[in-house]
**Q** 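The structure that follows is given in the form of structure tokens.
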Amino acid sequence: MRVLLLGGTTEASALAMALKGNGIEAIFSYAGRTNVPMAQPVETRVGGFGGIAGLKNYLRDARISHVVDATHPFAATMGWNAHSACAGCNVPLLRLERPAWRAKTADRWIHVPTIAAACDALPNIPARVFLAIGRMHVDQFAACPDHHYLLRLVDPPVAAIDLPDHTVVLARGPFDVAGDIALMQAHNITHIVAKNAGGSGAVAKIEAARKLGLQVIMIDRPHRPKTEKAAEIDTVLHWLHHSAERGV
Ligand SMILES: NC(=O)c1ccc[n+]([C@@H]2O[C@H](COP(=O)([O-])OP(=O)(O)OC[C@H]3O[C@@H](n4cnc5c(N)ncnc54)[C@H](OP(=O)(O)O)[C@@H]3O)[C@@H](O)[C@H]2O)c1
């Protein structure tokens, strides 16, 4: 058995640990979005495969027997590519995915389908917005230049951020509620824009918003292929052992 683990999430790192602990040979794959990706206890590769065709070649060349897609819920392109490539190469694929967050009674969420819609959902008067969506898509908020934006990033931005009024804070999660309350109070935040990532690593800001009574503009998850799914590491291990027993 030789597993390709598509990573970039807390769950992927936890699974890498479990695979190592169970003596299962695995290759951890990072897209290469951060300068210093977290070290993994298994063999690691970095960078795109070159679309579906590139991934198919990789699966064959690296003699991959199973793929676990543990990419972020918003990394949909990789999910679709893995789905097509695995089907094309007859390699079993499992999606490891944390359940989405659900609003609780005290939450003030506005659900939006896309980042552009989140921008449209901001108020007409200037607000102080915690833009908790990573670096990749922040420039889309240049369409709403009247607000102050707080950005929390893993790495210092390489290119200038195209927002007239913003502050960058550098930090790597997981975060805690007390820290996020302090951060939001220090920056007089009135609104939060977040992706519905689910899981525990990024939920502190949502709980902090609930405690502070702040409005959250929640970007719902993109459409992904219908792939067999697991929410827990143990389920992945069971799936691997089970398919190995069946000789898949
Ligand atoms: N999107 C988010 O909000 C978010 C948040 C936290 C972490 N991440 C992580 O950051 C990575 C990139 O996210 P994204 O939204 O740009 O993904 P994406 O839109 O689904 O992927 C874009 C391209 O990046 C490459 N790629 C993505 N994940 C990869 C992986 N694990 N290993 C090798 N190549 C990968 C693939 O390139 P090729 O077509 O060349 O193979 C893919 O077509 C993902 O691994 C994801 O888990 C994303």
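Position 1 is the first residue of the sequence, and the numbers go up from there. Order of listing sets the numbers, starting from 1, for every ligand and every atom in it.
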**Q** As a check for students: among Ala76, Gly54, Ala75, Ala70, identify the option with a heavy atom nearest to atom 44 (C) of ligand 1.
**A**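 That would be Ala75.
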**Q** Got the closest protein heavy atom to atom 36 (C) of ligand 1, with its distance?
**A**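 Protein heavy atom at minimum distance: Met78 SD, 3.7 Å.
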**Q** What protein heavy atom sits nearest atom 3 (O) of ligand 1, and how far off is it?
**A**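 Going by distance alone, atom 3 (O) of ligand 1 is nearest to Lys195 NZ, 2.6 Å.
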**Q** With a cut-off of 3.5 Å and sequence neighbours excluded, list every side-chain donor-acceptor pair involving residues 230-238.
**A**
none

**Q** Quick test of your reading of the structure: of Ser29, Gly48, Ala12, whose heavy atom lies closest to atom 31 (N) of ligand 1?
**A**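 Of the listed residues, Ser29 has the closest heavy atom.
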**Q** Closest by any non-hydrogen atom to atom 29 (C) of ligand 1: pick that one out of Ala31, Gly7, Ala202.
**A**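 Looking at heavy atoms only, Ala31 sits closest to atom 29 (C) of ligand 1.
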**Q** Starting from atom 48 (C) of ligand 1, locate the nearest protein heavy atom and write down its residue, its atom name and how far away it is, to 0.1 Å.
**A**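 Heavy-atom neighbour on the protein nearest atom 48 (C) of ligand 1: His72 CB, 3.4 Å.
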**Q** Compare Trp80, Phe28, Phe49, Tyr58 and give the one whose heavy atom is closest to atom 41 (O) of ligand 1.
**A**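 When every heavy atom of Trp80, Phe28, Phe49, Tyr58 is considered, Phe49 comes closest to atom 41 (O) of ligand 1.
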**Q** Looking at atom 40 (O) of ligand 1, what's its closest protein heavy atom, distance included?
**A**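 It is Gly50 N, 2.9 Å.
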**Q** Using heavy-atom distances, let me know which of His137, Arg224, Met136 sits nearest atom 14 (P) of ligand 1.
**A**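 The residue whose heavy atom sits nearest atom 14 (P) of ligand 1 is Met136.
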**Q** In the protein, which heavy atom is nearest to atom 19 (O) of ligand 1, and how far is it?
**A**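 Result: Thr77 OG1, 3.4 Å.
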**Q** Taking Asp155 for the side chain and Asn35 for the main chain, is one N or O donor matched with an acceptor at less than 3.5 Å?
**A**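 The answer is yes, because a donor-acceptor pair under 3.5 Å joins these two groups.
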**Q** In the protein, which heavy atom is nearest to atom 7 (C) of ligand 1, and how far is it?
**A**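 Of every protein heavy atom, Gly8 O, 3.4 Å lies nearest to atom 7 (C) of ligand 1.
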**Q** Which is it for Arg33 and ligand 1 at heavy atoms under 4.0 Å: side chain, backbone, both or neither?
**A**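 Contact part for Arg33 vs ligand 1: side chain (C-beta onward).
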**Q** Are the side chain of His66 and the backbone of Pro92 linked by a donor-acceptor contact shorter than 3.5 Å?
**A**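 Here the side-chain-to-backbone pair does not exist.
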**Q** Report yes if the side chains of Asn188 and His148 come closer than 4.5 Å at any heavy-atom pair, otherwise no.
**A**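 Asn188 vs His148: side chains apart.
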**Q** Could you tell me if Thr190 and Gln215 have a donor-acceptor pair between their side chains, going purely by distance under 3.5 Å?
**A**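 Thr190 and Gln215 do not have a side-chain donor-acceptor pair below 3.5 Å.
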**Q** Indicate, as side chain, backbone, both or neither, the part of Ile133 found under 4.0 angstrom from ligand 1 when only non-hydrogen atoms are considered.
**A**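 Neither part.
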**Q** Is any side-chain N of the basic residue among Arg221 and Glu97 closer than 4.0 Å to the acidic one's carboxylate O?
**A**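 Counted as a salt bridge, because a side-chain N and a carboxylate O are separated by less than 4.0 Å.
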**Q** Starting from atom 39 (O) of ligand 1, find the nearest protein heavy-atom neighbour and note its residue, name and distance.
**A**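 Here the nearest protein heavy atom works out to Gly51 N, 3.1 Å.
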**Q** Looking only at heavy atoms, is any part of Arg135 under 4.0 Å from ligand 1, and if so is it the side chain, the backbone, or both, or is it neither?
**A**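 Neither part.
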